[in-house]
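Quick caveat, the model's predicted, so the values are computed rather than measured. For ligands, and for the atoms within them, numbers begin at 1 and follow the listed sequence.
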Amino acid sequence: MLAAAQEEAGRFLSSLPDRPVRAASPLDDLRRAIAVPLPDGPSDPVAAFRATVAAMDPGIVASAGPRYFGFVIGGTLPVSLAADWMVSAWDQNPGLYATSPATSVAEETAARWILELLDLPAGSGVGFVTGCQMANFTALAAARHGVLARAGWNVEEDGLQGAPPLAIVMSEEAHVTIHTSLRYLGIGLRKAKLVKADAQGRMDPGDLQRILATVSGPAIVCAQAGNVNSGAVDDMEAIADVAARSDAWLHVDSAFGLWAAASPSKKSLVRGIERADSWATDAHKWLNVPYDCGIVIVKDAAAHRNAMSVKASYLEQTAGAERDEVDWVPEFSRRGRSVPVYAALRALGRGGVAEIVDRGCAMAERMADILRSETGVAILNDVVLNQVLVRFGDSDETTREVIARVQRDGTCWLAGTVWKERAAMRISVSNWATDEESIDRSAAAILRCYRSLS
Ligand SMILES: *Cc1c(COP(=O)(O)O)cnc(C)c1O
């Protein structure tokens, strides 16, 4: 079985440089190939596996490859893919030290390395979750615990009914996963106060101060490092100053932006981010580990643990120095998703992570430079990180038509967005393997599609 898997995986990975980035088959063909009747009985597993791969291959998007620029999607470092295979082969359920001592120690080591690499406070609580959505949720659960405990309220025991009013202050540019987190936490959306953002999407610290001045009692501020469209980073020093004056909990959604802290040349962009109380980030974006892996970090480890920990008589938790992973995440049974992170950091070291971040930024700049040299093409954002927003001609229709043609062409893949009320092409360089050749080939395809309009 595993030899067959190695062969199929190898075939797929070696097809990445040449296969169209978009899926080859439309929905109806995929249903015909994949949605076969439920078999009555067993068949040869190797044949069933081969048939599964063959049926799915035409609907696979080459997002693991170097010319996929949609959303914010990383690829997979070979070392992390290999480690992920071992996670499946070992099939541990690392909720507790008792169920997988090795995974527990790998996880606490990866957690410590992450704090060192990103220059965040030693001793912070760290949890490995499915993605930044759950990292935001977990961090805000810790925040809810922390600010209400200071007000003398135990939210885990007593819930939110009758609790002191909780003020949530966030940027009008906050990512949608902050909104869903507030829904899951029983805080709700309508009560959140929105802070104005500037032309790049950065929260206005003056407006934040004005809003916080109207708040008395427990408050949580949600800032952002890495706007999902522009890549812009909030002014963390100024926001940390304002939040500290109001004794507010400062959370930063930094799904990809936090990784700038790992690069000596980009670190100044996130200056002050270490002054926050909690951070949510992804490993499956810029660190390029396989899906799914997000990371939540909380400075007050006790608040983090109190918000998440599980106690039950049958769990046999060891009361000593061992890490029970279940205490730091919303999941109960789970995958050893920290192992591919451990392997990536062990292989890359500080220098290797910095190189991935620097290359991503340099490739985004290269893309922007090539595109903006064409008449009628405008770059809408300051390219400070790995994100590029592009506008073609002078109408939303032109931009949308270029995007549709690029998607059909298949040389690369990207999608559209609306930025400051105008349609834009959105390019995110998040794959470790994207190099000059990938950018030049993709930019040529984009310009070919644009010129084909006239
Ligand atoms: C991607 C992203 C998220 C959500 O992360 P998932 O890993 O998809 O759950 C949250 N915030 C920002 C800024 C993002 O870019």
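- When the ring-ring contact (aromatic ring centres under 6.0 Å, His included) test is applied to Tyr450, the partners found at least two apart in sequence or on another chain are Phe392.
- Remark: Arg271 pairs with no residue by the salt bridge (charged side-chain N to carboxylate O under 4.0 Å, His left out) rule, at least two apart or across chains.
- Atom CZ of Arg31 has 12 or fewer neighbouring heavy atoms from other residues, nucleotides or ligands inside a 6.0 Å radius.
- Protein neighbours of ligand 1 below 4.0 Å, counting non-hydrogen atoms: Gly131, Cys132, Gln133, His175, Thr177, Gly226, Val228, Asp253, Ala255, Phe256, Asp282, His284, Lys285.
- Here side-chain hydrogen bond (donor to acceptor under 3.5 Å, both in side chains) pairs that include residues 66-76, with residues two or more places apart or in two chains, number zero.
- Here the side chains of His251 and Trp279 are not in contact, with every heavy-atom distance at 4.5 Å or above.
- The backbone N or O of Ala280 sits less than 3.5 Å from a side-chain atom of Ser254, completing a donor-acceptor pair.
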